[in-house]
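To start, the structure under review is shown below, and the notes come after it.
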There are 2 protein chains.
Amino acid sequence: MNTVPVDYVLDDQIGFLLRLASQRHSGIFQRNVVGKLTPTQFSTLIRISEQGEVSQNRLGRLAAMDVATIKGVVDRLKAKGLVQAHADPKDKRRIAISLTATGHQIMDDLKRAGLEISDLTLEPLTEAESQTLVTLLKKIS
Amino acid sequence: MNTVPVDYVLDDQIGFLLRLASQRHSGIFQRNVVGKLTPTQFSTLIRISEQGEVSQNRLGRLAAMDVATIKGVVDRLKAKGLVQAHADPKDKRRIAISLTATGHQIMDDLKRAGLEISDLTLEPLTEAESQTLVTLLKKIS
DNA sequence: CTTTAACTGTTTGCATACGAATGATATGCA
DNA sequence: TGCATATCATTCGTATGCAAACAGTTAAAG
């Protein structure tokens, strides 16, 4: 039997703070990214450009998205004409995803915008603090 | 004219890392929370219990949620029987939100679970690192 | 006192996000 | 070979999350 009231300060909890920081970052992203891309669409494009050609399932793992989520993201990127899909002749289950010519063309601008967005997000911190934050976040991921 | 390719490492970007950390936290939350509550529903309950009675709009600001988002969250909490709403006689625009008796009863268990979830999320870090992370996240929120 | 501005709540549309279930296909091992 | 297991893509249901448009209400400015 525990009758002692619990002292819970929401504003100090890691989960709440992660959501706040993500929200601010999303806002900055939206105002600065090239084209009308979302953060997940952006990450997906980066992963595809790194891989050249990749199955949808593997792409989801690389971009840290659920299979149901990555399907929607790929569908919207296809609709934008930035990626294409074609069946894998060796494995009929697989659908190979790759960048279109247009997709290739915007990658450099996207990467530049991405770096700028990261800088703006970390603007309240010093260089050393930014490095620390990145290191700590990697540890709890 | 810029022809130099940009060196962009997705795994080092603050936005990507925030998403990864949020995902891990959500998984821990889901496995440890009392009842079938989501992190946003949890935060909302905490805010209501802090305020006693609060308008839906103000509740959204306190919990850092869009007006459209908070409406859905409150609707689902009402469906679970944890919160109630009644019209404000002084201001016909307002809807006063408060906890039900059931809602009150589970708050202590919820807070205990919340602290446990934070501990589990920060488990890979030392006490000092956890404090640093919290401090840095507050700065970029 | 009236018009204007600000606030509150609702709804719609789009885009994540994830669990669970399903069906098709591959592959390893008995 | 043949079956158990694993992988891949899709679909469904639920829950955020935000912009924008809308209507009702209140308060402030003139």
Side-chain angles (χ1 to χ4, degrees), chain A residues 15-16 18-31 33 35-45 53-80 82 85-97, chain B residues 15-16 18-31 33 35-45 53-80 82 85-97:
Chain A
F16 188 68
L18 284 172
R19 187 161 66 83
L20 290 190
S22 292
Q23 280 179 5
R24 175 161 166 276
H25 173 264
S26 291
I28 292 171
F29 189 97
Q30 191 202 318
R31 287 189 294 277
V33 76
K36 284 175 186 173
L37 293 175
T38 65
T40 48
Q41 289 171 3
F42 177 90
S43 297
T44 301
L45 283 178
E53 198 166 73
V54 59
S55 81
Q56 186 173 285
N57 214 317
R58 178 164 160 71
L59 182 56
R61 284 194 298 276
L62 290 170
M65 292 173 209
D66 186 84
V67 287
T69 302
I70 194 68
K71 184 190 185 300
V73 175
V74 168
D75 284 350
R76 283 182 284 274
L77 288 175
K78 278 197 286 191
K80 287 174 192 283
L82 298 177
H86 63 269
D88 185 331
K90 286 179 244 163
D91 190 336
K92 290 179 186 170
R93 295 169 307 178
R94 280 194 174 86
I95 297 177
I97 312 287
Chain B
F16 188 69
L18 284 172
R19 188 160 66 83
L20 289 189
S22 293
Q23 281 179 3
R24 173 160 167 276
H25 173 264
S26 290
I28 293 171
F29 189 97
Q30 190 200 321
R31 287 189 294 277
V33 77
K36 284 176 184 172
L37 293 175
T38 65
T40 48
Q41 289 171 4
F42 177 90
S43 298
T44 301
L45 283 178
E53 200 166 78
V54 60
S55 81
Q56 186 173 286
N57 216 318
R58 177 165 159 73
L59 182 56
R61 284 195 298 275
L62 289 170
M65 292 173 210
D66 186 83
V67 287
T69 302
I70 194 67
K71 184 188 185 300
V73 175
V74 168
D75 285 350
R76 283 181 283 275
L77 288 175
K78 278 197 286 191
K80 288 173 192 282
L82 299 177
H86 64 270
D88 185 331
K90 286 179 243 164
D91 190 335
K92 291 177 186 170
R93 295 169 306 181
R94 280 196 174 83
I95 298 177
I97 312 285

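We use all heavy atoms of the structure for the numbers below, so side chains are in, but hydrogens, waters and symmetry mates are not.
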Q) Quick one: do B:Asp91 and B:Arg93 make a salt bridge, cutoff under 4.0 Å? A)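 Counted as a salt bridge, because a side-chain N and a carboxylate O are separated by less than 4.0 Å.
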Q) Salt bridge between B:Asp75 and B:Lys71, side-chain N to carboxylate O under 4.0 Å? A) yes
Could you pull out the closest heavy-atom pair between [X] and [Y], with the gap in Å?
{"X": "A:Phe42", "Y": "A:Val33", "answer": "CD1-CG2, 4.3 Å"}
{"X": "B:Thr44", "Y": "B:Ala63", "answer": "OG1-CB, 4.4 Å"}
{"X": "A:Lys80", "Y": "A:Lys36", "answer": "NZ-O, 3.0 Å"}
{"X": "B:Ile95", "Y": "B:Ala85", "answer": "CG2-CB, 3.6 Å"}
{"X": "A:Ala64", "Y": "B:Arg19", "answer": "O-NH1, 3.1 Å"}
{"X": "A:Met65", "Y": "A:Val73", "answer": "SD-CG2, 4.1 Å"}

Q. Going through the checks in order, is the side chain to side chain contact (heavy atoms under 4.5 Å, CB included) test met by A:His25 and A:Ile28?
A. CA-CA 5 Å; A:His25 173 264; A:Ile28 292 171; 5.6 Å; no
Can you measure [X] atom [atom1] to [N] atom [atom2] for me and round it to whole angstrom units?
{"X": "A:Arg76", "N": "C:dC14", "atom1": "CZ", "atom2": "C1'", "result": "8 Å"}
{"X": "B:Leu20", "N": "C:dA17", "atom1": "CG", "atom2": "P", "result": "11 Å"}
{"X": "A:Asn57", "N": "C:dT25", "atom1": "CG", "atom2": "P", "result": "16 Å"}
{"X": "B:Gln56", "N": "C:dC7", "atom1": "CD", "atom2": "C1'", "result": "14 Å"}
{"X": "B:Ile95", "N": "C:dT10", "atom1": "CD1", "atom2": "C1'", "result": "9 Å"}
{"X": "A:Lys36", "N": "C:dT16", "atom1": "NZ", "atom2": "P", "result": "14 Å"}
{"X": "B:Lys90", "N": "C:dC7", "atom1": "NZ", "atom2": "P", "result": "19 Å"}
{"X": "A:Asp75", "N": "C:dT16", "atom1": "CG", "atom2": "P", "result": "11 Å"}

Q) After noting the C-alpha distance and the side-chain angles of B:Asn57 and B:Arg61, does the key distance pass the side chain to side chain contact (heavy atoms under 4.5 Å, CB included) rule? A) CA-CA 7 Å; B:Asn57 216 318; B:Arg61 284 195 298 275; 3.5 Å; yes
Q. Which part of the nucleic acid does A:Ser26 contact within heavy-atom distance under 4.0 Å: base, sugar-phosphate only, or nothing?
A. nothing
(Q) Over all strands shown, is A:Lys71 touching base, sugar-phosphate only, or nothing at heavy-atom distances under 4.0 angstrom? (A)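 Result for A:Lys71 = base.
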Q | DNA chain C: 5'-proximal contact among A:Gly72 and A:Asp91 (nearest heavy atom) | A |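 This one resolves to A:Gly72.
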Q) Mapping A:Arg94 and B:Lys92 to their closest nucleotides on DNA chain D, which lands nearer the 5' end? A)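 So the residue in question is A:Arg94.
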Q.
Run the side chain to side chain contact (heavy atoms under 4.5 Å, CB included) test on A:Leu77 and A:Leu37 for me, step by step, so that the C-alpha distance in whole Å, both residues' side-chain angles and the decisive distance to 0.1 Å come before the verdict.
A. CA-CA 9 Å; A:Leu77 288 175; A:Leu37 293 175; 4.1 Å; yes
Q) So, is A:Gln41 near the phosphate of C:dA15, with a side-chain N or O under 4.0 Å from OP1 or OP2? A) no
(Q) Is there a side-chain contact between A:Gln30 and the phosphate of C:dA15, meaning an N or O under 4.0 Å from OP1 or OP2? (A)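 No, outside the criterion.
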Q: With side chain to side chain contact (heavy atoms under 4.5 Å, CB included) as the test, would you mind laying out the steps for A:Arg58 and A:Leu62 before giving the verdict?
A: CA-CA 6 Å; A:Arg58 178 164 160 71; A:Leu62 290 170; 4.1 Å; yes
Set out, line by line, the N/O atom pairs under 3.5 Å between protein and nucleotides 22-24 of chain C.
none

Q) Do any of residues 61-70 of chain B sit with a heavy atom less than 4.0 Å from DNA chain C, and if so which? A) B:Arg61, B:Val67, B:Ala68
Q. Contact boundaries of DNA chain D with chain B (under 4.0 Å, heavy atoms), 5' to 3'?
A.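 Reading along DNA chain D, I get D:dA15 to D:dT26.
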